[in-house]
Amino acid sequence: MKSKVEQLKEQFKDDLNKEKNIKQEVNRIKKLYKDFPKEKSKVLEGLINESAFIKISLEELRDNLLKNGFTEVFEQGEQRFNRERPEVKIYTTFIQRYSNVMKQLIDLLPVEVKKEEADELLAFLNRNKIKK
């Protein structure tokens, strides 16, 4: 059993890794818009930050679901049954939001870059599909 201090250290390390991964994703997306006019780039910033956060969160949720499963045993009094884990609902919501945000970002790209990013989005969505 880990001590409280060890658990906090581990959580802090996980949080730092998540922040690092989010920043890397933000930078990756920003490179696609490097030739965009500055005034329009500021508008994109919120979408870029949200898409990066959602993508990294989706990857974590996916790993969690693969490791721990999609259902859990729920006990209430003498009743005992399997129910969907809350992470499944969060994953489903996030994947929909990620698709919407990325579509908005892709629609703003120049035509030659748009197809490449759309293909990458489809690959990501297909790779991360979770069957209920």
Could you check whether any side-chain heavy atom of [X] comes within less than 4.5 Å of a side-chain heavy atom of [Y], counting everything from C-beta outward?
X      : Y      : value
Leu108 : Phe36  : yes
Phe74  : Arg80  : no
Ser51  : Gln104 : no
Tyr98  : Leu58  : yes

Has Arg28 got more than 12 heavy atoms of other residues, nucleotides or ligands less than 6.0 Å from its CZ?
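It does: Arg28 CZ has more than 12 such atoms within range.
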If you round to the nearest 0.5 Å, how far is [atom2] of [Y] from [atom1] of [X]?
X     : Y      : atom1 : atom2 : value
Ile48 : Met102 : CD1   : CE    : 9.0 Å
Glu59 : Phe94  : CD    : CZ    : 13.0 Å
Glu25 : Lys30  : CD    : NZ    : 12.0 Å
Glu50 : Asn100 : CD    : CG    : 12.5 Å
Glu60 : Lys18  : CD    : NZ    : 4.0 Å
Ile56 : Ile22  : CD1   : CD1   : 6.5 Å

Are any of the side-chain nitrogens in Glu84 or Lys89 under 4.0 Å away from the carboxylate oxygens of its partner?
no
Under 3.5 Å: donor-acceptor pair, side chain of Tyr33, backbone of Glu45:
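The answer is no, because no donor-acceptor pair under 3.5 Å joins these two groups.
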Let me see the working for Arg85 and Asn68 under side-chain contact (heavy atoms from CB on, under 4.5 Å), right down to the final yes or no.
CA-CA 9 Å; Arg85 292 182 60 230; Asn68 300 311; 3.4 Å; yes
Is there a side-chain contact (heavy atoms from CB on, under 4.5 Å) between Phe53 and Asn49? Walk through the geometry before answering.
CA-CA 6 Å; Phe53 170 78; Asn49 289 334; over 6 Å; no
